[in-house]
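One structure is given below, encoded as structure tokens.
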Amino acid sequence: MLRWQARLDADWADRVVPWAVAGFLFVVYAAAALARADTLGAGTGLGRHLQAAWAIREGRSPDVTIGGARNLLADGAPFGFVPLAALTRVLPPIPTLLGAQAAALALGVVPVWRLARRVTNLRVGAAGALVLAYACHPLTGVLDLADFEPSAMAVTPLLLTAYYAHRKKWWRMALAGAAAVVWASELGLVVAGLGVLLVLEGERRHGGRAIVAGLAYTVVVMVVVQSPLGPTGLLQPGAFTRYGDSGLDVLTAMLRNPLRPLADLLAEENIRFLVSALAPLAFISLLAPRQLVPIALLQALVFVSDVPLAGGDGAAHSAALLAFTFVAAAFGVAGLGRRRVQRVIVDPRILAIQVVAAIAALLLVSPLSPYAAPIARPVPTSADDALRAATDRVPAELAVRVPERALPLVAERTVAFGPAPGPFAAEAATADVDVLIVDERSAIEVTNADRLAQRRAVEAQGFQLVSRIAGVSLYVSEQLRPGQFDPSGDG
């Protein structure tokens, strides 16, 4: 064991091990995401970005109707998505988007390893424990299976930004920070927070530049780019409507009654989420609280706002927390060890606790848990086949409304909608569309009388039932011109 440990502590391991682990994780993450999409497990998030990618390929502005009718750049200004969408001209769109996201998450083990080895001088065992915790962390799994989420692409750049900041490689830090903020404008607050940390550590000039650059990027992009494109706001549109309609109203309400945002900050849901993020690392990140300064402001805003935290809907606001939790963990582990000539030696019992916590989180909490069978490909049901067949019959020039899980199948068109919010209402379901596809399995305890009443309500809106197979009904507007839809099934 000593001989193998000596070999792994050599330079070749630093060059080979993290990249080999990243390659393995890429295969796992990509397989899980593609399997979920292939079995119609994806929905609005993937459909929205597929529609935007299609628009960019067609030389249009990325105006989307899936998930809300507005320009994609109004949601956090993900400029990095534009060149990624351009790749779908020559590569299949769904594997391209999900594969890029899986690669971005898998590559995060490289800066985690380098932080452990070159910044905190940990030995291979401790570095490996951190890499294992990253691979098993529930937030990593959530980001991987959250359809497509632009902020997931920023995890590795954020880790690199912190790594280069601690290595005092300022130009590389600036490039890594730029690569992070192009996926979500609010990540400029994280860059500014990292500047605050640098000031606290004595790097006043470079820290001050990071503060100015991060804040300026967030403010300028929101005002100059996002606002003219449609409803927008910090984090997401309407995130702070409980406090006011404008930024000034929100700030005034918070200053007038500071106990209110404090109560929201300490809400039970927020504490549960924070515990679920720290527990897979055995709370070791809390031993280096200064390293969590970069995400303090952004995370506080997330907790105070009305944005979701758990599941795929909350994935957009967890990338920075995931990245800097591991930055702090590297310093926390080092603080528990004893420094020798070149490396910090950590008690194996501490590493064992960390490994057990990581594996327990994977098995019990992560969506990549083998108990959740994310990679096992379920046998497609007759309803799945019927839903695919129904969407294949709809020409691309027609506006369509489909069940949420079918949105990726119809995304490459100008107008596509998911199900109208709330209980099914024929008037809302048929508004602004030429074709309506209804999956009756999505309703609970629906009787034959309910189905007949639903059909008559849709027909009363000027739609006719073309087919009904395995509970999937296809309705077509009677106002379509001859030849726009072929009822024989050829579209």
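Both backbone and side-chain heavy atoms feed into the values below; hydrogens, waters and symmetry mates do not.
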Requested in this report: Kindly give the heavy-atom pair with the smallest separation between Gly141 and Pro367, and that separation in Å.
Outcome: C-CG, 3.4 Å
Query raised in the report: Nearest 0.5 Å, what's the CD1-OG1 distance between Ile94 and Thr88?
Result: 11.0 Å
**Report entry** Short side-chain to backbone donor-acceptor contact, Thr120 and Leu115, under 3.5 Å
**Finding:** yes
Query raised in the report: Which atoms form the tightest heavy-atom contact between Leu200 and Arg290, and what is the distance?
Result: O-NH1, 3.9 Å
Requested in this report: To the nearest 0.5 Å, tell me how far Tyr164 OH sits from Trp171 CH2.
Outcome: 15.0 Å
Report task. Can you establish whether the number of heavy atoms outside Phe283 located under 6.0 Å from its atom CZ is more than 12? Result -> yes
Requested in this report: Give a yes or no answer on whether the side chain of Gln101 reaches the backbone of Ala152 with a donor-acceptor pair at less than 3.5 Å.
Outcome: no
Query raised in the report: Would you say the side-chain atoms of Arg36 pair up with the backbone N or O of Gly41, donor to acceptor, closer than 3.5 Å?
Result: yes
Query raised in the report: Rounded to the nearest 0.5 Å, how far apart are CG of Leu274 and CG of Leu309?
Result: 10.0 Å
Query raised in the report: NE2 of His317 to CG of Leu187: how many Å apart, nearest 0.5 Å?
Result: 11.0 Å
Query raised in the report: Any side-chain heavy atom of Leu84 sitting closer than 4.5 Å to one from Phe148?
Result: yes
**Report entry** Residues Arg338 and Asp347 bridged, charged N to O under 4.0 Å
**Finding:** no
Query raised in the report: With sequence neighbours excluded, what pairs up with Val355 under the side-chain contact (heavy atoms from CB on, under 4.5 Å) test?
Result: Ala129, Leu132, Ile359
Query - Pairwise side-chain contact, Pro78 with Leu73, heavy-atom cut-off 4.5 Å (strictly under) - result: yes
Query raised in the report: Would you call Phe417 and Leu407 a side-chain contact if the rule is heavy atoms closer than 4.5 Å?
Result: no
**Report entry** Side chain proximity check, Phe81 to Pro150, heavy atoms < 4.5 angstrom
**Finding:** no
**Report entry** side-chain contact (heavy atoms from CB on, under 4.5 Å) between Leu105 and Thr156, worked out
**Finding:** CA-CA 7 Å; Leu105 290 170; Thr156 296; over 6 Å; no
Requested in this report: Tell me yes or no: between the side chains of Ser185 and Gln226, is some donor less than 3.5 Å from an acceptor?
Outcome: yes
Query raised in the report: Between Val109 and Pro18, what is the shortest heavy-atom contact and its length?
Result: CG2-O, 3.5 Å
Query raised in the report: side-chain contact (heavy atoms from CB on, under 4.5 Å) between Leu130 and Leu281: does it pass, once the steps are laid out?
Result: CA-CA 8 Å; Leu130 286 172; Leu281 284 161; 4.3 Å; yes
Query raised in the report: Is there a donor-acceptor contact under 3.5 Å from the side chain of His137 to the main chain of Ala277?
Result: yes
Report task. Could you tell me whether the side chain of Arg343 and the main chain of Arg117 form a donor-acceptor pair under 3.5 Å? Result -> yes
Query raised in the report: Regarding His166 and Gln291, is there a side-chain donor-to-acceptor distance under 3.5 Å anywhere?
Result: yes
Query raised in the report: For Ala165, does its backbone N or O pair with a side-chain atom of Glu203 as donor and acceptor, under 3.5 Å?
Result: no
Query raised in the report: Between Arg114 and Asp14, is the closest basic N to carboxylate O distance under 4.0 Å?
Result: no
**Report entry** Over 12 foreign heavy atoms within 6.0 Å of CZ, Arg260
**Finding:** yes
Query raised in the report: So do Ile345 and Leu122 actually touch side chain to side chain, heavy atoms under 4.5 Å?
Result: no
**Report entry** 4.5 Å side-chain heavy-atom contact, Asp264 and Phe303
**Finding:** no
Requested in this report: Quick one: do Leu98 and Tyr29 satisfy side-chain contact (heavy atoms from CB on, under 4.5 Å)? Show the steps, please.
Outcome: CA-CA 9 Å; Leu98 297 183; Tyr29 293 162; over 6 Å; no
Requested in this report: Inspect the surroundings of CZ in Arg272 and state if more than 12 heavy atoms from other residues, nucleotides or ligands are less than 6.0 Å away.
Outcome: no
Query raised in the report: How long is the span from the CD1 atom in Ile295 to the OG1 atom in Thr325, to the nearest 0.5 Å?
Result: 5.0 Å
Report summary line: Of all heavy-atom pairs linking Ala416 and Ile66, the shortest is O-CG1, 3.4 Å
Query raised in the report: Would you find a donor on one side and an acceptor on the other, under 3.5 Å apart, between the side chain of Glu186 and the backbone of Thr218?
Result: no
Report task. Output the distance between atom CZ (Arg405) and atom CG (Leu46), rounded to the nearest 0.5 Å. Result -> 14.5 Å
Query - Donor-acceptor contact below 3.5 Å, side chain Ser369 vs main chain Leu363 - result: yes
Query raised in the report: Which pair of heavy atoms, one from Ala329 and one from Ile284, lies closest together, and at what distance?
Result: O-CG2, 3.9 Å
Query - Side chains of Leu198 and Trp170 in contact at under 4.5 Å (non-hydrogen atoms) - result: yes
Query raised in the report: With distance as the sole test, does Ser151 use its side chain to make a donor-acceptor pair with the main-chain N or O of Ala319 at under 3.5 Å?
Result: no
Query raised in the report: Of the options Tyr134, Phe331, Tyr163, which is the one that meets Phe326 in a ring-ring contact (aromatic ring centres under 6.0 Å, His included)?
Result: Tyr134
Report summary line: Pro138 and Ser366 have their tightest heavy-atom pair at CA-CB, 3.9 Å
Query - Any side-chain heavy-atom pair of Leu158 and Val190 under 4.5 Å - result: yes
Query - Asp75 bridged to Arg70 by N-O distance under 4.0 Å - result: yes
Query - Leu189 vs Leu301, side-chain contact (heavy atoms from CB on, under 4.5 Å): CA-CA, chis, key distance, verdict - result: CA-CA 10 Å; Leu189 300 180; Leu301 291 173; 3.8 Å; yes
Query raised in the report: Is there a donor-acceptor pair under 3.5 Å between the side chain of Asp147 and the backbone N or O of Gly43?
Result: yes
